[in-house]
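Chain letters run A, B, ... following the sequence lines, proteins first and then strands; every chain starts at 1. Predicted, not measured: the structure shown is a model, and the values here were computed from it.
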Amino acid sequence: MPVHNAEIAELFNRLADLLELEDANPFRVRAYRTAARSINGLSHNLVDLLGAGEDLSKLPGIGKDLAGKIRTFIETGKLPLLEQVQARTPAALSDLMKIEGLGPKRVKTLHQQLHISSFEDLQRAARSGKVRALAGFGAKTEALILERLEAARHADIRSRLVDAEDIAAALISYLEDCPGVKQVCIAGSYRRRRETVGDLDILVTAKQGTPVTDHFVAYDEVSEVMSHGKTRSTVHLRSGMQVDLRVVPQVSYGAALLYFTGSRAHNISLRKLAIKKGFKLNEYGLFRGDKRMAGATETAVYAKLGLPYIEPELREQRGEIEAARKGKLPKLVGRDDIRGDLHCHTRATDGHDSLEAMVTAARKLGYEYLAITDHSRRLSVAHGLDRKRLLEQIRRIDKLNEQLNDIVVLKSIEVDILEDGSLDLPDGILGQLDLVVGAVHYMFNLTRKQQTGRIIRAMDNPYFNILAHPGGRLLNKRPPYEVDMKKVMQAARERGCFLELNAQPARLDLTDTDCMLARELQLKVVISSDAHSTANLDYMRFGINQARRGWLGPADVVNTRRLAELRKLFRRH
DNA sequence: GCCGTTTTCGGCCCGACTGTTTTCAGTCG
C-alpha cells in the first residue's frame with residue numbers, strides 16, 4: 001500500500017495537536033505544522049523521493065529528525081512518537097479542537113476536569129451544565145459549544161471554487177451597496193484560485209469600519225454571527241460557508257490584501273524577510289519604527305522588500321519568494337494565450353448542445369480551433385459513438401469546415417482506455433482523426449502498478465495524443481485512482497503524448513502540484529474545458545487558474561500554439 | 001523541531017475579537 005503525502009501530513013498535524021495539548025514547546029508544535037504544510041505542497045511523492053535517494057531534510061521545514069520519522073513511517077507504517085503520545089493523550093482530543101472556540105487549553109481543561117474525550121462526552125457535559133462551571137468557561141461558551149458541535153463533525157469539507165464564486169458574487173454586490181465602501185475584494189484561497197475554498201476572506205476599504213461590519217452582519221444570508229468588531233467580523237452563511245470581513249483604510253489596502261490573501265506560510269516568510277531588513281510587516285503596512293514605508297499597494301510592499309510582484313496563485317511557499325529574489329518567477333499562462341479547446345462534447349453523446357452551436361460558441365471566444373471529443377462506444381450511459389456514428393460525425397465536421405474561415409473544427413474522440421490498456425475503437429478509425437484523447441472511465445480500483453501499466457499501454461498506441469483527466473478524481477466525491485503519475489508523465493514525454501489539465505471545476509485534474517511536476521519533466525500540458533454545453537466552454541478559466549498555480553507559462557501549454565504547430569505536435573510518427 | 005549573507009545557539013509573524021475578567025488568556029486567521 002503506497003503512502004500518500006497527505007497521510008504523512010495528517011499524522012504530523014495530529015501529533016502537533018496532541019503535543020500542544022501536552023504543553024510541549026510551542027515552537028516544536030509549530031515545526032510539525034510547518035512540516036505538514038510543506039509536505040502537502042510538494043509536487044513529488046515522498047515515497048518516490050526516498051526511493052530516488054533524495055535527502056528529505058533538504059525539503060523546507062523538514063530537518064534531520066522529521067526526515068527520519070518520514071522514512072520510518074514509509075518503511076514500517078509506524079510513527080513511534082505518535083504512538084507514545086497517544087498512549088498518554090487520547091487521539092480524539094485533537095478532533096475536539098476542530099470545534100470553533102476550543103483550542104488546546106480548553107480541550108485540556110475539559111479532559112482533565114470532566115474526563116471528556118469525544119464529541120458525545122462533550123455534548124452530554126454541556127447539556128447538563130457542567131461545562132459552564134469550569135474556570136475560564138461560562139454559560140455563553142457552553143451554549144456556543146452545543147451550537148457548534150454539529151458543524152465541527154463535517155468541518156473539513158471545502159467548497160469547490162465555482163460554488164464559492166456564486167456565494168461571493170451576491171455578497172460582493174451587497175457590500176458594495178454599503179455607503180462609505182470604496183473597494184471590495186475577495187482575498188484568501190479564493191484569490192489564490194485554489195481548487196477548493198474553506199471560507200471567504202473579504203477585504204473592504206472604508207474610512208469608518210463600524211458601519212461596514214454592521215451592514216455585513218445584517219446580510220440576509222447570515223445564519224450565525226461568530227464575531228463582530230469595529231474592523232473585523234466573522235459570520236456563517238446559510239450555505240455553511242464561513243465569511244471573514246476586514247475593513248482597512250485605503251492607505252493600508254495593499255498590505256491588508258497581502259495579509260488576507262496569504263497563504264499563511266507565504267506571509268510568514270515575508271514577515272521574516274521584513275524583520276531581516278529592519279522592517280515590521282503587518283496588515284496596516286510595512287513599517288520602519290512608526291514610519292509607514294509602504295502599504296497602499298501590494299507591489300509597493302514587495303518592492304520595499306526587494307521583490308517583484310508575486311502573482312496570488314504562486315503564494316503557496318513553494319519557492320516563489322526565492323524565485324522572486326533571483327528574478328526567476330515564471331511568466332504565467334493567461335486567458336489571452338489560449339488559442340483553442342481540445343476537449344468538448346456535443347449532443348451526439350452526453351453534451352447538451354449541437355456540434356454547430358459548440359462551434360459558434362468557440363468562435364465567439366476567438367478560438368482558432370475546437371476539437372470535438374465525444375465519448376466512445378463503451379461509455380453506453382453517454383450513448384458513446386461506435387465506428388459508424390463516428391464516421392458520420394467526421395463527415396459532418398468536414399462539411400462544416402468547408403463553410404468556416406475563422407476557426408477549424410478538429411475531428412477527435414474521447415476514447416475509453418479499456419482494462420487491458422487497449423483503446424475502445426480500432427486504429428483504422430482513430431487514424432482518420434486529427435487527434436485522439438484517451439481516458440479512464442471504469443476499473444478505478446486497480447493497483448497502482450496495474451493502473452500505471454494500463455495507461456502507459458494505451459499511450460503505446462501510435463494514435464494516442466492526450467490523456468484526459470489523468471488522476472480520475474471528482475472533488476469531494478471520488479478520490480483519484482492509484483497511479484504513479486511521474487511514471488505516466490515520463491512515458492508520455494517519451495512517446496510524444498500530452499497530459500490534459502481538465503478544467504471542469506469538479507475535476508481540476510491535473511492538480512497544481514502535478515502541473516509543477518510536468519513542468520519539471522518538461523512535459524507539455526493541454527488545458528481543456530471538457531465542456532458539455534456552450535456555457536461550459538468558460539470552464540477554461542478554472543483550468544488556467546490551476547495551471548498558473550502549477551507555475552505553467554504559455555510555452556508549457558499545448559493549446560497556446562497556432563494550428564499548424566499543433567498539428568505537428570500531434571503527429572507522432 | 002527548524003534554521004542561519006548578523007547566528008550551529010537562540011531565536012522562532014502579528015494583530016483582532018470574545019468571554020470572563022477587572023487587565024487578560026485563549027482562540028483564530
A:Pro104 or A:Gly136: which one's nearest nucleotide on DNA chain B is closer to the 5' end? A:Gly136

With a non-hydrogen cut-off below 4.0 angstrom, is [X] in contact with a base, only sugar-phosphate, or nothing?
X        : answer
A:Pro26  : nothing
A:Glu142 : nothing
A:Thr231 : sugar-phosphate
A:Ala139 : sugar-phosphate
A:Ile99  : sugar-phosphate
A:Leu281 : sugar-phosphate

When the [atom1] atoms of [N] and [M] are considered, how many whole Å apart are they?
N      : M      : atom1 : result
B:dT7  : B:dC12 : C1'   : 13 Å
B:dG1  : B:dT8  : C1'   : 14 Å
B:dC14 : B:dT23 : P     : 27 Å
B:dC13 : B:dC3  : C1'   : 16 Å

Where the side chain of [X] is defined as all heavy atoms beyond and including C-beta, which of [options] is the nearest nucleotide?
X        : options                : value
A:Thr141 : B:dC13, B:dC28, B:dG19 : B:dG19
A:Arg271 : B:dG1, B:dT27, B:dC13  : B:dC13
A:Asn25  : B:dC17, B:dG15, B:dG1  : B:dG1
A:Lys140 : B:dT20, B:dC12, B:dC2  : B:dT20
A:Leu66  : B:dG1, B:dC14, B:dC13  : B:dG1
A:Phe27  : B:dC12, B:dC13, B:dG19 : B:dC12
A:Asp65  : B:dC14, B:dC2, B:dG19  : B:dC2
A:Ser227 : B:dT18, B:dG1, B:dG29  : B:dT18
A:Lys69  : B:dC14, B:dG1, B:dG29  : B:dG1
A:Arg246 : B:dG15, B:dG1, B:dT27  : B:dG15

Spacing between [X] atom [atom1] and [N] atom [atom2], to the nearest angstrom:
X        : N      : atom1 : atom2 : value
A:Glu20  : B:dG26 : CD    : C1'   : 11 Å
A:Arg264 : B:dG29 : CZ    : C1'   : 5 Å
A:Arg30  : B:dG11 : CZ    : P     : 14 Å
A:Lys64  : B:dG4  : NZ    : P     : 16 Å
A:Asp17  : B:dT27 : CG    : P     : 12 Å

Out of the candidates A:Arg106, A:Arg132, A:Arg148, A:Arg127, only one should pair with A:Glu142 under the salt bridge (charged side-chain N to carboxylate O under 4.0 Å, His left out) rule; please name it. A:Arg132

Is A:Tyr259 side chain donor-acceptor paired with the B:dG29 base, going by distance under 3.5 Å alone? yes

Main-chain N/O of A:His215 paired with A:Tyr174 side-chain donor or acceptor, under 3.5 Å: yes

Cation-pi, A:Tyr190 ring and A:Arg193 (6.0 angstrom, 45 degrees): yes

Establish, for the pair A:Arg315 and A:Tyr309, whether the NZ or CZ atom is under 6.0 angstrom from the six-membered ring centre and no further than 45 degrees off its axis. yes

Under a 3.5 Å limit for both distances, which nucleotide forms a Watson-Crick or G-U wobble pair with B:dT8, could you say? none

4.5 Å side-chain heavy-atom contact, A:Arg232 and A:Leu245: no

Applying the side chain to side chain donor-acceptor pair (under 3.5 Å) criterion to A:His266, which one of A:Gln317, A:Glu320, A:Glu316 satisfies it? A:Glu320

